[in-house]
A.B. asks: 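Handing you this structure, nothing more for now.
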Amino acid sequence: MRLSESEQAKKNLPQNNGALTGEENEYKSEQLVTSEAQDLPAEKVDIPSVKRLRRGFIPVLKNYNFLALWSGQVFSQLADKVYLVLMIALIDSRFQDTNQSISGWVSAIMIAFTVPAVLFGSVAGVFVDRWSKKAVLVATNILRGILVWAVPMLLWLTRDWAPIYHLPVGFYILLIITFGISTLTQFFAPAEQAVIPLIVKRRNLLPANSLYTTTMMASLIIGFAVGDPLLALTDTLVQKLGIGWDFGKELVVGGSYAIAGFLLLLLKTGENTDAPEGETPHVFSDIWDGLRYVKHHQRVRNAMTQLMILFSVFAALAVLAVPLAETLPVIKTSQFGFLLAAGGVGMACGAAILGHWGQRFSHTKLSLYGSAGMAAALVGMSVFTHNLWIALLMTMLLGAFAAMVGIPMQTTIQAETPEEMRGKVFGLQNNAVNIALSLPLALAGIAETIFGLGYVFCGLAALVIAGGVLTWYISRTGATVPTPKT
């Protein structure tokens with residue numbers, strides 16, 4: 001008879017009918033925390049080591065491999081955000097005509113940045129499982145740096161070329177470079193997610209992901225806020241040096257990618273780099289294996305569904321922030337970014353709190369509480385559409401409660417997915433998230449026009465609470481999908 005995971009954990013615990021050794025204490029404590037994280041019945045043991053388990057950020061920050069990954073993430077994330085600011089600056093200075101709107105140019109760049117995420121997300125995940133994840137992390141950053149450094153030379157070489165379909169050749173260069181950088185990012189993202197459970201102990205995954213999310217949100221806010229001043233400062237410094245270069249902006253963005261790549265050289269993943277025996281399966285066969293794994297593992301599937309709902313809400317918020325700012329007093333419509341920044345600050349604060357105290361609760365409980373909080377914040381936003389300070393507070397609360405959903409669910413996927421499947425699963429997750437981001441961008445504005453801002457916020461609240469309750473209910477009832485025999 002096949003034992004459940006909790007029964008296997010109990011069976012495999014050392015039995016010596018006496019005092020446990022330090023090593024056995026650690027093992028038994030690990031099993032207890034693991035069962036809690038998976039929402040399985042924890043074995044009721046009364047040993048001091050369980051109470052003394054180190055929680056919070058300290059064990060993670062003492063992990064030198066995680067510090068190397070985190071440092072690389074800081075520079076890589078900042079480079080990603082400042083890169084888009086760089087593209088806007090280049091369009092403004094080189095291609096946009098006087099009295100011409102820049103939105104069309106920027107939209108084309110954003111499409112070039114988005115398309116690879118839909119096309120190559122799953123395929124990239126397959127190759128991440130086949131290749132050394134450390135090599136992928138290092139190579140993708142250094143190659144992105146080289147692509148950014150190539151921009152000034154390519155624009156100079158094509159400056160006198162005739163336009164193609166009324167567009168400058170240099171602009172096509174920017175589109176191609178952007179497409180290439182985004183394609184490399186599709187390999188970097190699943191490799192980064194797959195490395196975290198390799199270098200971080202399972203009981204420390206929640207604070208590690210909290211720190212990861214906090215950094216991501218901070219880079220989102222800081223990158224867009226300081227991007228333009230940073231690029232302008234770099235140009236000024238280059239001019240003062242008297243070198244005569246005109247690519248200070250590209251130097252700093254490409255340099256950030258390169259620094260990330262060199263920092264990641266310090267990483268030791270301990271992964272199995274031996275080539276698999278036998279014939280390598282087809283890429284689409286591996287993608288299908290990933291789909292079957294997600295289908296037959298309810299916790300991974302539920303977590304991925306929750307993440308899709310979460311990203312859909314924030315994609316819709318990015319669209320709805322414009323009409324919301326239009327109805328609010330004091331701020332202008334063009335200042336809708338303050339609302340999005342408030343959501344980012346709230347998520348960063350929620351992630352920091354969760355990293356310290358979140359391990360006391362199961363992942364499904366955190367997700368349920370977070371979903372309820374998000375729903376309440378969205379209802380509050382639907383009611384207070386004419387009060388700036390309450391709207392900002394509701395947006396911050398939305399971000400904080402979103403951290404209670406996103407971080408535990410991401411941790412669940414990492415903990416539940418075996419090493420050989422992580423690239424495939426995270427590649428599928430990237431695809432699903434990008435689809436979840438795309439649909440609300442197209443539909444939220446139309447829904448707001450037809451039904452009104454308040455009703456759309458209430459509809460999002462209903463979607464969030466339904467997802468949270470469904471995940472909690474499935475976890476509580478133990479409903480499972482049978483795993484096929486292999």
Side-chain angles (χ1 to χ4, degrees), residues 213-214 216-218 220-222 224-225 306-354 365-409 436-437 439-472:
T213 303
T214 304
M216 182 177 66
M217 297 311 302
L220 180 65
I221 299 166
I222 295 171
F224 287 131
Q306 284 280 79
L307 288 174
M308 288 180 66
I309 293 173
L310 178 65
F311 280 98
S312 296
V313 169
F314 274 86
L317 181 63
V319 176
L320 298 175
V322 177
L324 179 59
E326 190 176 10
T327 64
L328 290 170
V330 183
I331 67 171
K332 301 176 183 178
T333 305
S334 58
Q335 295 175 315
F336 70 93
F338 285 114
L339 295 167
L340 300 179
V345 170
M347 184 172 285
C349 293
I353 294 171
L354 197 65
K365 283 184 180 179
L366 287 172
S367 176
L368 180 64
Y369 300 154
S371 297
M374 285 181 67
L378 286 165
V379 171
M381 292 173 69
S382 72
V383 174
F384 299 102
T385 55
H386 292 84
N387 189 308
L388 173 61
W389 299 111
I390 296 182
L392 287 172
L393 176 62
M394 290 296 108
T395 310
M396 287 186 66
L397 289 175
L398 178 67
F401 284 112
M404 292 178 63
V405 177
I407 294 171
M409 293 299 97
L437 287 171
L439 290 177
L441 290 175
L443 300 177
I446 298 173
E448 187 271 332
T449 303
I450 297 173
F451 301 108
L453 193 59
Y455 286 107
V456 176
F457 277 133
C458 288
L460 291 174
L463 177 65
V464 168
I465 197 65
V469 169
L470 181 63
T471 298
W472 175 83

A.B. asks: In chain order, what residues pass the side-chain contact (heavy atoms from CB on, under 4.5 Å) check against Ala375, with sequence neighbours excluded?
C.D. replies: Ala461, Ile465

A.B. asks: Identify the heavy atoms of Val405 and Gly370 that sit nearest to each other, and give their distance.
C.D. replies: CG2-C, 3.6 Å

A.B. asks: What's the spacing between Leu398 CG and Met381 CE if we round to 0.5 Å?
C.D. replies: 6.0 Å

A.B. asks: Please determine whether side-chain contact (heavy atoms from CB on, under 4.5 Å) holds for the pair Thr385 and Leu328, giving the CA-CA distance in whole Å, both sets of side-chain angles, and the decisive distance to 0.1 Å.
C.D. replies: CA-CA 6 Å; Thr385 55; Leu328 290 170; 5.6 Å; no

A.B. asks: Rounded to the nearest 0.5 Å, what separation is found between the CG atom of Leu368 and the CE atom of Met404?
C.D. replies: 9.0 Å

A.B. asks: If you take all heavy atoms of Tyr369 and Phe401, which pair is closest and at what distance?
C.D. replies: O-CD2, 4.0 Å

A.B. asks: Among residues at least two apart in sequence or on other chains, which ones pass side-chain contact (heavy atoms from CB on, under 4.5 Å) with Leu463?
C.D. replies: Ile309

A.B. asks: Just how far is it from atom CG of Leu397 to atom CE of Met347, taken to the nearest 0.5 Å?
C.D. replies: 12.5 Å

A.B. asks: For Ala403 and Leu354, work out which heavy atoms get closest and say how close.
C.D. replies: O-CD2, 3.5 Å

A.B. asks: Taking all heavy atoms of Cys458 and all of Ser382, pick out the closest pair and write down the distance.
C.D. replies: SG-OG, 3.5 Å

A.B. asks: Just wondering, do Ile407 and Leu366 contact through their side chains at under 4.5 Å, heavy atoms?
C.D. replies: no

A.B. asks: Taking only residues two or more places apart in sequence or in another chain, which ones pass side-chain contact (heavy atoms from CB on, under 4.5 Å) with Ile390?
C.D. replies: Phe384, Asn387, Met394

A.B. asks: Quick check: do Leu320 and Phe457 have side-chain heavy atoms less than 4.5 Å from each other?
C.D. replies: yes

A.B. asks: Are the side chains of Leu339 and Leu317 in contact, using a 4.5 Å heavy-atom criterion?
C.D. replies: no

A.B. asks: Between Met374 and Val313, is there a side-chain heavy-atom distance shorter than 4.5 Å?
C.D. replies: yes

A.B. asks: For Ser367, enumerate each residue passing the side chain to side chain donor-acceptor pair (under 3.5 Å) test, keeping only those at least two apart in sequence or located in another chain.
C.D. replies: Gln306

A.B. asks: Got Leu453 and Leu324 here, is their nearest side-chain heavy-atom distance under 4.5 Å?
C.D. replies: yes

A.B. asks: Applying side-chain contact (heavy atoms from CB on, under 4.5 Å), can you list everything that pairs with Ala376, at least two apart in sequence or on another chain?
C.D. replies: none

A.B. asks: How far apart are the closest heavy atoms of Met396 and Val345, and which atoms are they?
C.D. replies: CE-CG1, 3.9 Å

